[in-house]
There are 2 protein chains.
Amino acid sequence: MAKQERAAARPDMPTEAAQAHRFGKARSAQSTALLEDYVELISDLLASAGEARPTDVARRFGVSHATAIKTIARLKREGLATSKPYRGVFLTPDGEALAERVRNRHRLVVDLLVAVGVPADSAEADAEGIEHHVSDAALDAFRDFLAGR
Amino acid sequence: MAKQERAAARPDMPTEAAQAHRFGKARSAQSTALLEDYVELISDLLASAGEARPTDVARRFGVSHATAIKTIARLKREGLATSKPYRGVFLTPDGEALAERVRNRHRLVVDLLVAVGVPADSAEADAEGIEHHVSDAALDAFRDFLAGR
DNA sequence: CCGAATTTGTAGCCTCGACTACATTTTGGT
DNA sequence: ACCAAAATGTAGTCGAGGCTACAAATTCGG
Ligand SMILES: [Mn+2]
Ligand SMILES: [Mn+2]
Ligand SMILES: [Mn+2]
Ligand SMILES: [Mn+2]
């Protein structure tokens with residue numbers, strides 16, 4: 001029966017492959033979301049307090065300190081952070097660069113949401129999840145929209 | 001046994017706790033994202049082909065059939081779907097209702113992205129991830145924006 | 001109607017991200 | 001200086017969500 005499902009399908013229905021690809025993109029974006037949030041948070045702590053302790057990261061992120069330490073270990077594995085036992089966490093140049101990109105993107109997303117009428121606190125909350133799924137093309141559009149309205 | 005949230009000190013919630021709360025929201029949204037996508041996909045397949053087979057779901061979602069079957073088992077556990085061996089998958093009333101909500105939300109997000117200038121294909125791809133992190137307050141704002149511009 | 005192809009199901013393995021419990025190290029108060 | 005508290009690290013467990021390999025059921029072509 002699966003003969004001509006393409007012809008019979010709705011015109012606006014995506015092809016199988018295209019849809020699978022989009023779902024895959026969303027999944028892979030999710031796999032880096034945690035790292036992005038950690039790097040951004042650590043960068044903020046370093047800037048505001050001069051140091052980023054695992055306990056602080058855990059409290060700000062809302063997880064146990066053991067969880068934070070394991071995620072920090074993953075950051076180190078991925079070359080984004082460094083740390084020595086009982087000293088704070090620091091970012092590598094790659095980590096700093098990522099933090100900067102993530103911070104700018106976060107702000108852009110919040111600004112866009114506010115610009116289209118989302119209440120500020122909702123915008124801030126939603127952006128925390130949305131930011132990880134916004135493509136560069138969308139960010140460009142957001143910038144243009146914010147500049148030109 | 002959901003742990004109770006202490007949302008008492010409303011007026012000026014500490015930045016630290018507020019941030020932790022936002023991160024927690026994003027995490028919990030992510031935990032339901034997969035179920036939402038499956039339910040929406042199954043609903044589409046049921047509407048367009050009259051049936052939703054595990055193999056079709058797997059191919060459209062871009063995962064192995066074993067993975068799809070396991071996720072469908074989770075849908076059944078959560079009361080969103082039903083199925084009998086070697087028959088297709090169907091949605092419970094709860095599942096249908098969720099699919100409808102998710103489908104409308106998906107469209108709204110795409111429309112909003114396009115309205116602020118995001119290219120259509122980027123909008124469609126980004127929406128697949130973004131949709132799961134858009135609050136009702138934001139959706140209301142999106143509707144108003146689309147209606148009133 | 002029957003054998004082969006397809007579909008479906010099961011089992012076992014992996015990584016990630018969460019937790020608790022406990023061990024160790026550092027820090028701070030007296 | 002010392003002991004207690006806090007911070008940090010480690011170990012073990014869990015469920016979700018992937019995978020591959022294999023087994024069983026169903027559907028189809030001849
Ligand atoms: Mn985030
Ligand atoms: Mn962020
Ligand atoms: Mn989606
Ligand atoms: Mn969707």
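From a predicted model like this one, the values you see are computed outputs, not experimental measurements. Chain letters run A, B, ... following the sequence lines, proteins first and then strands; every chain starts at 1.
Checked against dG18(D), dG17(C), dG17(D), the side chain of Arg74(B) finds its nearest nucleotide in dG17(D).
Remark: the Glu36(A) side chain and the His106(A) side chain contain no N/O donor-acceptor pair separated by less than 3.5 Å. In summary, the side chains of Glu16(B) and His21(B) do not present any donor paired with an acceptor at a separation below 3.5 Å, with no hydrogens or angles considered.
Straight-line distance from the CD1 atom of Ile69(B) to the C1' atom of dA21(D): 14 Å, rounded to whole Å. The distance between atom CZ of Phe61(B) and atom P of dG18(D), rounded to the nearest whole Å, is 6 Å. Atom NZ in Lys70(B) sits roughly 15 Å away from atom C1' in dT8(C) (whole-Å rounding). The separation between Arg59(B) atom CZ and dC19(D) atom C1' is 18 Å, rounded to whole Å. Between the P atom of dT27(D) and the CD atom of Glu51(B) lies a distance of 10 Å, rounded to the nearest Å. Summarising the geometry, the separation between CZ on Phe23(A) and P on dG17(D) is reported as 14 Å, rounded to the nearest angstrom. One interatomic measurement links the two molecules: NZ of Lys84(A) to P of dG9(D), which rounds to 13 Å at whole-angstrom precision. Nucleotide dT26(C) holds its P atom 13 Å from the CZ atom of Arg53(A), rounded to whole Å.
A 4.5 Å side-chain heavy-atom check between Leu45(B) and Glu51(B) finds every atom pair outside the cut-off. No side-chain heavy atom of Glu131(B) sits less than 4.5 Å from a side-chain heavy atom of His133(A).
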Walk me through it: do Arg103(A) and Asp44(A) pass the test salt bridge (charged side-chain N to carboxylate O under 4.0 Å, His left out)?
-> CA-CA 9 Å; Arg103(A) 194 193 335 272; Asp44(A) 285 350; 2.5 Å; yes

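For dT8(C), the base is stacked against the aromatic ring of His65(B), per a cut-off of 5.5 Å between centres and 30° between planes.
Residue whose closest nucleotide on DNA chain C sits further toward the 5' end, between Arg87(B) and Arg77(A): Arg87(B). Nearest-nucleotide positions on DNA chain C place Tyr86(B) closer to the 5' end than the other of Tyr86(B) and Ala66(A). Residue order along DNA chain D, read from the 5' end via each residue's closest nucleotide, puts Asp56(A) first among Thr67(B) and Asp56(A).
Distances shown here put a side-chain N or O of Arg27(B) below 4.0 Å from the OP1 or OP2 atom of dA18(C). Under 4.0 angstrom from either OP1 or OP2 of dG18(D) there lies no side-chain N or O belonging to Ser64(B). Taking only side-chain nitrogens and oxygens, Thr71(B) never comes nearer than 4.0 Å to OP1 or OP2 of dG17(D). An OP1 or OP2 oxygen of dT8(C) is reached within less than 4.0 angstrom by a side-chain nitrogen or oxygen of Thr55(B).
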